Amino acid sequence: MSKRVRVRFAPSPTGGLHLGGVRTVLYNYLFAKQHKGDFVLRIEDTDQSRYVQGAEEYIFECLKWCGMEPDESPLKGGNFGPYRQSERKEIYRKYAEQLIKDGHAYYAFDTLEELEKMRHDFKTDQNTSPQYDSNIRMKMRNSLTVSSEDVKNLLEKNTPHVIRIKIPGQETVSFVDMIRGEVHFETSVVDDKVLLKADGMPTYHLAVVVDDYLMKISHAFRGEEWLPSAPVHILLWKYLFGLENMPQWAHLPLILGPNGKLSKRDAAKYGFPVFAMSWADPKTGELTEGFKEKGFLPEAFINLLALLGWNDGSEQEIFTIEELIEKFSIERVHSGGAKFDYEKAKWFNHEWIKKLKIENLQLKVIEVLKVKGLSSIEDSLLEKIIILIKDRCTLLTDFYDQSYFFFNTPDKWDVDAVKPKWNESKKLFFAELIRDFELTPDWKATVLENNFKEITAVNEIKPGEVLLPLRVMLVGGKFGPGVFNIAEILGKEETISRIEKALKIF
RNA sequence: GGCCCGUUCGUCUAAGGGUUAGGACACCACCCUUUCACGGUGGUGAUACGAGUUCGAAUCUCGUACGGGCUACCA
């Protein structure tokens with residue numbers, strides 16, 4: 001029988017959560033939900049020098065916004081805690097020492113300067129970045145080269161040291177990746193990675209293996225950048241817990257920017273977000289805008305991310321999270337990296353704005369308008385406006401640009417659009433229009449349009465000649481939905497007052 | 001440099017040896033629209049290259065080229 005599905009997302013709290021990270025969460029989440037398994041959030045904060053205040057809370061916020069909350073996490077707890085690696089520090093040393101006892105690891109006392117010297121001294125044209133590996137380890141200062149007596153002494157004197165894995169010299173390490181199939185590595189080109197740092201904290205390599213074991217992780221999905229260190233993890237599994245207990249791996253393709261791996265620089269350079277939510281660096285104060293703040297719906301964000309490297313084989317592109325849970329399959333994830341296309345991302349959002357129920361959309365629009373200083377708008381009024389403009393909105397922020405004129409009487413007009421053809425007969429026309437509107441009992445767009453056309457006919461004016469001026473009078477410029485729809489929503493009093501006000505200027 | 005992964009329209013991708021190589025975004029044209037959008041119809045546009053296996057290759061194999069990742073007491 002197969003074991004319970006348990007997956008994890010294991011970010012380190014160092015800053016904004018980017019697209020690739022969210023997609024990794026998503027694939028983990030979909031897989032867990034589809035198999036009625038558990039989705040664990042583990043914080044990998046073993047490098048205190050890179051720890052950033054607030055980054056962990058920020059990650060929780062992002063997952064919440066995306067609607068992918070973990071079943072177990074530092075916040076929520078669970079049966080396999082603690083879920084912060086910094087709080088599990090004591091656990092790792094035991095395993096590292098076990099490895100030493102079994103001859104799979106050793107103490108290394110080399111200082112940072114000595115390591116640097118090694119990299120410099122052994123550097124050749126053939127080997128531009130020498131590694132601490134089976135060829136070099138015997139030339140360094142470690143428990144393989146120093147007498148056991150001296151090692152004991154050094155340890156007793158609390159000499160700073162690390163524990164390194166002893167990678168076998170000639171061995172082929174293979175494993176089956178759920179996306180890539182069988183992958184092989186020669187151990188002769190793998191280096192003796194540090195497992196336990198001088199500060200007693202584990203490195204990623206040790207921590208990921210120990211925690212995946214202790215947390216009973218069944219499937220481990222992570223970014224492709226981890227593929228080169230997979231043999232280290234495989235070997236650790238073999239030495240520590242047995243290959244038969246190892247989770248199944250899947251290395252997800254990278255999400256690329258215009259030039260290689262997507263980065264924060266791309267965001268600044270090309271004007272699209274890379275983080276799920278805005279992130280303010282507490283040190284520099286630098287603010288990077290997120291998809292949420294840019295005006296994306298979480299449904300659309302999830303949807304576009306899911307399709308970046310995966311599809312269900314059909315031509316369907318718009319998926320709800322429920323559909324994704326049902327149809328997702330890790331085997332159909334691509335092996336090649338995907339370049340992020342912001343135009344397509346916006347298209348997804350547009351589709352979702354059209355698809356979303358008005359009630360749901362309304363809540364988001366209220367937020368957007370509030371940010372712009374428009375609050376306490378009557379619900380039924382807002383609903384009418386949303387229905388009228390939603391097809392022309394791609395981002396949630398567009399709802400402001402497409403609707404502010406309903407709430408603010410224009411005080412500036414695109415006079416250039418009107419003035420050149422403005423004349424006395426048009427003035428008279430609008431005077432008559434005002435009189436007509438005042439007497440109109442049924443304030444409906446269709447009625448207004450009919451009356452408008454009748455008056456143009458009587459005055460022998462082409463409707464097109466006065467339609468644009470009317471639009472400019474009502475909204476200030478050459479934009480917006482149908483003029484009579486706008487007038488209907490504005491109401492009789494406001495419509496007439498706007499015409500009168502503009503008439504004084506034109 | 002070494003190791004690993006990858007390569008179908010500009011971009012995301014479909015096609016489990018036999019299709020006029022399909023769809024979506026973007027782009028272009030036309031239609032709708034007396035604003036701007038939305039929408040509709042159509043169009044331009046791809047199997048990196050070279051060998052092999054096969055009656056037949058985008059699909060399998062090998063090589064080349066190109067792209068990406070890794071090469072820290074970072075994750």
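Side chains are part of it too, since the values below use all heavy atoms of this structure and drop only hydrogens, waters and symmetry mates. Everything numeric here is computed off the predicted structure, so don't read it as measured data. Lettering follows sequence order; numbering is per chain, from 1.
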Please tell me which of the listed nucleotides, [options], lies nearest to the side chain of [X]?
X	options	result
K354(A)	rC73(B), rA26(B), rC38(B)	rC38(B)
K197(A)	rC12(B), rC74(B), rC5(B)	rC74(B)
R119(A)	rG1(B), rC73(B), rC5(B)	rC73(B)
N127(A)	rG1(B), rG6(B), rU35(B)	rG1(B)
D391(A)	rC38(B), rC25(B), rG68(B)	rC38(B)
L227(A)	rG1(B), rC4(B), rU35(B)	rC4(B)

Pair assignment for rG43(B), Watson-Crick or G-U wobble, requiring both distances under 3.5 Å: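 Its partner is rC27(B) (Watson-Crick or G-U wobble, both distances under 3.5 Å).
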D398(A) (side chain) donor-acceptor with T394(A) (main chain) under 3.5 angstrom: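 A pair under 3.5 Å: yes.
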Residues E113(A) and K117(A) bridged, charged N to O under 4.0 Å: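 Between K117(A) and E113(A) there is no salt bridge, as every charged N stays at least 4.0 Å from the carboxylate O atoms.
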Between rU59(B) and rA14(B) - P atom distance, rounded Å: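 Result for the P pair: 15 Å, nearest Å.
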rU7(B) versus rA48(B) - spacing of their C1' atoms, nearest Å: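 Between the two C1' atoms, the distance is 7 Å.
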Student check: side-chain heavy atoms of F175(A) and F185(A) closer than 4.5 Å: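 They are in side-chain contact.
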Sugar-phosphate, base or nothing in reach of A198(A), heavy atoms under 4.0 Å: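 Counting heavy atoms under 4.0 Å across all strands, the contact made by A198(A) includes a base.
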Torsion-based syn/anti label for rC25(B), 90° from 0 as limit: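 It is anti.
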Positions of residues 41-56 of chain A (non-hydrogen atom under 4.0 Å from RNA chain B), listed by number: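 When residues 41-56 of chain A is checked for heavy atoms under 4.0 Å from RNA chain B, the hits, listed by number, are E44(A), T46(A), D47(A), R50(A).
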